[in-house]
Amino acid sequence: MIKKSHFRRSLVQFRTHPLRTALALLGMVLGVSSVVGMVSIGEGAQREIIASIEALGGDVVHIKAKDIPDERITEIVNDSRGLNRNDILALQATVPGLGESTYARWTNLGVSDLPTATYNVKIVAAEPRLFEIHKLKVVQGRALQQLDQQFQRKVVVLGSELAARAYAGNALGKRIRLGYAYFEVVGVLAAKKSGGDLPLDPELYNRSVIVPYNTAIEEIAVADAYKELDVISFRVESLGQTLIAKRAIGPVLKALHGGVTDFEIIAPEEILEKKRSTQAILNVVLISIAAISLIVGGIGVMNIMLANIMERISEIGLRRAVGASRREIRNQFLIESVIICFVGGAIGVVFGFVISFLVGWGFDLQVAFAWEAMVVSFGLSVAVGVVFGSWPAIRASQVNPVEALQHG
Amino acid sequence: MTAHIALTGITKTYRRGADEVPVLNGVDLEIQRGERVAIMGRSGSGKSTLLNILGCLDEPSSGGYLLDGVDVAHLPDDDLSKVRNRTFGFVFQAFHLLKGMTIVENVELPMEYSNVSEKDQRHRALELLELVGLGHRVSHRPSELSGGERQRVAIARALANRPSILLADEPTGALDTRAQVAILELLTQIHASLGTTMIIVTHDPKVAEELGDRTIRISDGRVET
């Protein structure tokens, strides 16, 4: 039976041995905070993966042209025309489930009068639905429209980084020269977060100039004669359909390209699965480390409880003499270690959140504060208290009172 | 009328490595309610062991122990603890006060293991400290008291659950002469007012004479006759 007096006794003990109690607490604080930290970081990584997949549209299959080395081009140029607009019609006619499509061509920016040094800037010649399908958000002005495409208007939308660097945020309405023609800036994109190692990194849009496809054909010289397009994207019903679509597109497109695989198909579902499985392995490692530190914390508590019992052996003898049963002695020590673990756990949860927040901030990682992690760590710390407190408590209860009373 | 305490043929043997060391070799003893008994004997004679068996702190190796006619020689731990808690009060030579607690908390200790509400515990403890003449120092720590005062606290603690038997093992052994006299007076006064049965282990004939209605001598694990 657990009574209020048990808690009072523990408090007396903690009051008389503050250093010892603090050390035992510290072990638990570190153990629990590492569990919380690891879980939040792991959970954050999981969410980051999903976010990076969704940055390019989770329900979209992308076909990306492979970079073919020049010497190989002469070899395959008679078989394949590279990625082109006819592929879209052919695929839509043969592969079921493909919805809306868009396409784009990427060229390195050549001659321009941008008022800043241009480094790694791409001209994206885009079919206007690209904005919607690749989830490009416009923060100033407007996106490109079908009419721009139809009338080959000389308008551009700038990527966020380029707009900020070249025009300090006042890009709208500016005229820029690309090649031999002038274009009017009609919109600026919101910043895109990097997709990490995604084969199609959404970050490229941050340093890009987006031009209507038809305008680009007319006004900007084509640098690469081999392929017409760099990317084709199809919307499908859901994320779960992307892998099915990828498998269906592959052979059809290869046949269209005369047996040459000069393209790469990106199915978000597949990337997600791959990332998830690597992340799962990482999570196991993280959680093992956390579990080990929790066990070390528990051993610390056990150690200190044993030292406690040795020092308080005459107290145990006295309590037995005035009527404490073995069970009551055991409960007293068990409650002490559970309290240490509980308090240590509570501090550890807070500490763990703070640490994972700092880590997330310092290393620019996403961290997720899962309440499950909190409940689990709390439960674990109490369990550690019971498990590692049991043996010392049982030893205390088995002390022979007559012998115990002979110690000072 | 049955005796308050009746021991028949009590033996106790300790195991020390491979050897068996006999400490008590068949003790027969009857003690009546309200009686004051002094147990004397040389050190190693087994008098403390006898006291521990009387107080249900130690189990006899063989023999019978009737406490108010109830056999308590081999009870399970829970029941023995209850008997110690309700029936006995212990006073030790080394006081055994818990240094992390105030003296009033020390006196409350036995009541923590019986069903006494916290309010009643405090009330009773203050009353007892008043009785032993320490009513003015209730929130001091044991380390702030003299030896004689510490033993008074220990006596107050021993009386907390209104035990019918007070067991004292060399209660004045660690005290100077003046404190000794005071403690003996206190115990005499307690016996007079509460009628508590007292069993006192001592090697000091003066203590035995002062406190004992009857003196029992132990040698070689037996009661001398």
Side-chain angles (χ1 to χ4, degrees), chain A residues 1-22 304-305 307-333 335-336 339 393-408, chain B residues 12 14 23 48-53 55-59 75-102 105-118 121 141-143 154 157-161 163 167 169 174:
Chain A
M1 193 173 56
I2 292 166
K3 287 182 273 185
K4 205 168 134 195
S5 58
H6 283 115
F7 292 99
R8 227 182 43 202
R9 272 174 230 160
S10 305
L11 292 182
V12 167
Q13 177 52 26
F14 300 151
R15 195 177 62 204
T16 46
H17 292 102
L19 181 65
R20 183 181 290 181
T21 308
I304 278 167
M305 289 311 291
N308 230 339
I309 287 158
M310 286 306 140
E311 196 198 273
R312 289 161 67 191
I313 193 133
S314 75
E315 174 186 337
I316 295 170
L318 177 81
R319 286 182 182 276
R320 297 276 283 135
V322 300
S325 63
R326 290 206 179 99
R327 207 155 31 88
E328 280 168 308
I329 296 292
R330 189 199 61 204
N331 287 351
Q332 178 184 344
F333 283 95
I335 286 168
E336 264 186 49
I339 289 177
I394 288 169
R395 274 194 55 168
S397 74
Q398 283 167 347
V399 163
N400 177 335
V402 174
E403 285 170 25
L405 282 167
Q406 282 158 7
H407 291 76
Chain B
K12 180 70 188 180
Y14 284 112
V23 182
S48 289
T49 303
L50 178 60
L51 193 78
N52 288 333
I53 288 173
C56 295
L57 260 182
D58 210 350
E59 269 187 55
L75 286 179
D77 177 68
D78 273 2
D79 296 335
L80 277 181
S81 302
K82 228 169 259 169
V83 170
R84 286 198 297 276
N85 186 237
R86 308 282 151 79
T87 313
F88 295 101
F90 288 89
V91 178
F92 306 94
Q93 179 174 7
F95 320 133
H96 286 300
L97 299 178
L98 300 187
K99 53 180 183 279
M101 298 180 169
T102 61
E105 285 168 341
N106 267 284
V107 174
E108 283 168 358
L109 210 56
M111 294 183 276
E112 276 183 22
Y113 298 103
S114 53
N115 296 321
V116 181
S117 76
E118 275 190 33
Q121 285 184 24
R141 297 285 154 126
S143 57
R157 179 181 64 195
L159 295 173
N161 279 335
L167 301 171
D169 192 351

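Chain identifiers are assigned alphabetically (A, B, ...) following the order of the sequence lines, protein sequences preceding nucleic acid strands; residue numbering begins at 1 within each chain.
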Could you tell me whether the side chain of [Y] reaches within less than 4.5 Å of the side chain of [X], counting heavy atoms only?
{"X": "B:Leu57", "Y": "A:Leu405", "value": "yes"}
{"X": "B:Leu109", "Y": "A:Glu315", "value": "no"}
{"X": "B:Leu98", "Y": "A:Arg319", "value": "yes"}
{"X": "A:Leu318", "Y": "B:Arg157", "value": "yes"}

Inset, instruction - Using side-chain contact (heavy atoms from CB on, under 4.5 Å) as the criterion, list what pairs up with B:Leu75, not counting sequence neighbours. - result: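 Scan of B:Leu75 (side-chain contact (heavy atoms from CB on, under 4.5 Å), adjacent residues dropped) gives B:Val72, B:Asp79, B:Leu80, B:Val83.
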Legend entry - Contact origin within A:Glu403 toward chain B - heavy atom pairs under 4.5 Å: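 No part of it gets close to chain B.
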Inset, instruction - Measure the spacing between OG of B:Ser81 and CZ of A:Arg327 and express it to the nearest 0.5 Å. - result: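 So the gap between those two atoms works out to 9.0 Å.
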Legend entry - Interatomic distance, B:Phe92 atom CZ to A:Gln406 atom CD [nearest 0.5 angstrom]: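 Answer for the CZ-CD pair, B:Phe92 versus A:Gln406, is 11.0 Å.
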Tell me, out of [options], who's got the most heavy-atom pairs with chain A below 4.5 Å.
{"options": "B:Asn85, B:Asn161, B:Asp77", "answer": "B:Asp77"}
{"options": "B:Phe90, B:Phe88, B:Phe95", "answer": "B:Phe90"}
{"options": "B:Asp78, B:Asn52, B:Thr49", "answer": "B:Asp78"}

Legend entry - Residue part contacting chain A, namely of B:Gln93, when any heavy atom lies under 4.5 Å: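 Neither part.
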